[in-house]
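Presented below is the structure to which this report refers.
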Amino acid sequence: MTAEPMPQAGVEIRELRPSAGLSLTQLAVRRLRQDRLTLAAMAVLVTLGLLAILAPVISEHVIRQNPERIDLLRTFSPPNAENLLGTDENGRDQLARLLYGARVSMSIGFAAALINMTLGVVIGAVAAYYGRHIDDIITWFINTVRSIPGLFLLIMIGALFRPSVEILIIVLGLLSWPGVARLVRGQVLSVKEREFVLAARTIGAGDLRIIFAHILPNVVPLVITFAGIDIGSIILVESTISYLGLGVQPPTPSWGNMLSGSTRYFTQAPWLIIAPGALIWVTVLCLYLIADGLRDALDPRLKT
Amino acid sequence: MTRFLLRRLLQAIPTLVGISVLIFAVIRLAPGDPVNLFFDPTIKGEDLERVRRQLGLDRPLYIQYIDWVTNLARGDFGRSFVTHEPVLKRIAERLPNTVQLSLAALVIALLVGPTLGILAATHRGGLIDQLVRVLAVVVDAVPNFWLGLMLILVLAVQFRLFPSGGMYTLRGAFMPPLLDRLWHLALPALVLAAGPVALYSRLMRTEMLEVLSQDYIRTARSKGLTERAVLYGHALRNALLPIITVLGGTLPFLFGGAVVTETVFSWPGMGRLFVDAAYSRDYPMVLGISIIASVLVVLGQLLSDILYGIVDPRIRYS
């Protein structure tokens, strides 16, 4: 061996040194700290979340408006000192309704995502781990559900059941797991062939132990990354069917149903169209940006 | 090729069966007796029993399902509760409008998406690249119906550049019919194309970068071809392949999106018919459109698989 390859090796060691001895989580946190866009998105999302949680306090003490108080003498007032974002067709304060709507729209997004993530991870892992007929059946089912334009099924269910918020969460969760399952299945298929799984099996670990203790931890980064996109798209879907009048039923405000019927107000009250949609947009955008940032931060192939 | 086609056709059958079972199950899972739900909410007691027998609702579920599917296969989708016209006839009237809108959106998406992707890939890391990537995320996150509402608010209500909805000018059209139609088509097609544009640009960028790093590109460059010839003669052809695979996946998106876009822009297509039917609880219509839309999606996937098999012979023989 000549001395020539040495500098190259030296470069490699120098590149690796900062990350030596750090866990994947520590590395991810370190990378995230430098990712200004993702941090900004997190800050905005946390602020929106806090506003949603504190909605009752804020509407009572800060803006002093009751989201349910109908005042037919003050319908369609443009944004003013008292009603910062104006009032709707029933004279209700839009800002107060947006705050309460945030609670509904966000909790539907997060809760339904929790359901579909749990189902998707378990079903995807089972399909990939056991393979053969189980995999065939699950894959067939996933492809079937994905072939039905999702919105059609949701509108059908919305028309038949006129769902409450709780039912809507369950329905959205039950309909959207195939995407997660497909993703997890692919990941598990590649992980289950690795040596440490074989090693676990040779020392006598059972299927459940191998799946939950050895395989699933390897799927976690993928699932965390996907969560942002998942929650975001559920919020989008919920807003769409609520806009169509088949999701969250009034008087409960959600960002989507605040827009239903808004086409009548184009000239009269454009602020009623702009605000709810802009909030949905910003929320989903933050979730997608965070997902993007987390994917880069959790990528074990990047070492800085 | 024939074997490939045949195998692919056979694979579509279980999917179709699954779809029909699922839709049947959703309808039967709905609370309340189908008689009260579909026909007359006031029927009770003995009358209810008699009507159930007449309609065959007292028979086992699987027989009811088979009956329903055989009728579907014969083209009998039942009659609308509202207009009492055959469901299939109403769908046939509206479907061409939806196809028109979806095709327009697809053309926009296929022209704009890959172009943006190529621009981003060839200017990797530069300003154009950044802009295209930001645009893709921003467009992905916008609620489709709200994008439509905003376009109407700004371009139709404020500046009066486009009509706010509908398919043609009712009276006093100042343009020839074809132009008038395109003028009405512009905004809804743009809204419907937004999602696929984002998807295609992202896909095209990744694929183009991947292809540009291949050996045969280096060979093409080193034999003195212009950058133009390398890009369009060698790289583009290969980078376009994955776009064909996702074409099938775009269809459910377009049909689903058409439901919303048609509602926002009062476009008289199948999607709007569906939403109206859902409002008035016109179940035969709701069922019929769901089935037709799903079948079209399956056929679309089939078509894109076949197309992929034609352009990439490796797929056919594996």
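Proteins get letters first, then strands, A, B, ... in listed order; numbering begins at 1 in each. On a predicted model such as this, the values are computed, not experimentally measured, just so you know.
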Between L154(A), L259(A), I157(A), I229(A), which residue shows the highest count of heavy-atom pairs closer than 4.5 Å to chain B?
-> L259(A)
Out of E238(A), R103(A), R97(A), which residue meets the side chain to side chain donor-acceptor pair (under 3.5 Å) rule with S254(A)?
-> E238(A)
Fit a plane to each ring of Y65(B) and F24(B), take the angle between them on a 0 to 90° scale, and name the class: parallel (under 30°), tilted (30 to 60°) or perpendicular (over 60°).
-> perpendicular
Heavy-atom contact with chain A under 4.5 Å, split by part of F145(B) = side chain
Checking heavy atoms, do the side chain of V264(B), its backbone, both or neither come under 4.5 Å from chain A?
-> both
Distance from L172(A) atom CG to I169(A) atom CD1, nearest 0.5 Å?
-> 8.5 Å
Under 3.5 Å, is there a donor-acceptor pair linking the side chains of T250(B) and Y200(B)?
-> yes
Name the option with the most non-hydrogen atom pairs under 4.5 Å to chain B; the candidates are G245(A), A159(A), G158(A).
-> A159(A)
Heavy-atom proximity to chain A below 4.5 Å, by part of V157(B) = side chain
Checking L22(B) against chain A: side chain, backbone, both or neither under 4.5 Å from a heavy atom?
-> side chain
How close do V104(A) and P253(A) get, heavy atom to heavy atom, and via which atoms?
-> CG2-O, 3.3 Å
Given that the side chain runs from C-beta out, which part of I291(B) has a heavy atom under 4.5 Å from chain A: side chain, backbone, both or neither?
-> neither
In this structure, are over 12 heavy atoms from other groups packed under 6.0 Å from R162(A) atom CZ?
-> yes
Side-chain (N97(B)) to main-chain (P268(B)) donor-acceptor, under 3.5 angstrom | yes
Greatest number of heavy atom pairs closer than 4.5 Å to chain A - which of I152(B), N144(B), L287(B) = I152(B)
Residue selection (most heavy-atom pairs with chain B, distance under 4.5 Å) from I235(A), L151(A), I155(A) | I155(A)
Nearest-0.5 Å distance, CG of residue L285(A) to CD1 of residue I290(A) | 9.5 Å
List the atom pairs, with distances to 0.1 Å, where a side-chain N or O of residues 36-48 of chain A and a protein N or O form a donor-acceptor pair under 3.5 Å, not counting sequence neighbours.
{"from": "T38(A)", "atom 1": "OG1", "to": "D35(A)", "atom 2": "OD1", "distance (Å)": "3.3"}
{"from": "T38(A)", "atom 1": "OG1", "to": "D35(A)", "atom 2": "OD2", "distance (Å)": "2.6"}
{"from": "T47(A)", "atom 1": "OG1", "to": "A43(A)", "atom 2": "O", "distance (Å)": "2.6"}

Checking heavy atoms, do the side chain of L244(A), its backbone, both or neither come under 4.5 Å from chain B?
-> both
Positions in residues 129-141 of chain B that reach chain A, provided some heavy atom is under 4.5 Å away = V137(B), V138(B), D140(B), A141(B)
If only atom types and distance count, is the side chain of N143(A) paired as donor or acceptor with the main-chain N or O of T15(B) below 3.5 Å?
-> no
If you count heavy-atom pairs under 4.5 Å between each of I280(A), I274(A), I241(A) and chain B, which one has the most?
-> I274(A)
Check whether any side-chain heavy atom of V259(B) lies under 4.5 Å from a side-chain heavy atom of M270(B), and answer yes or no.
-> no
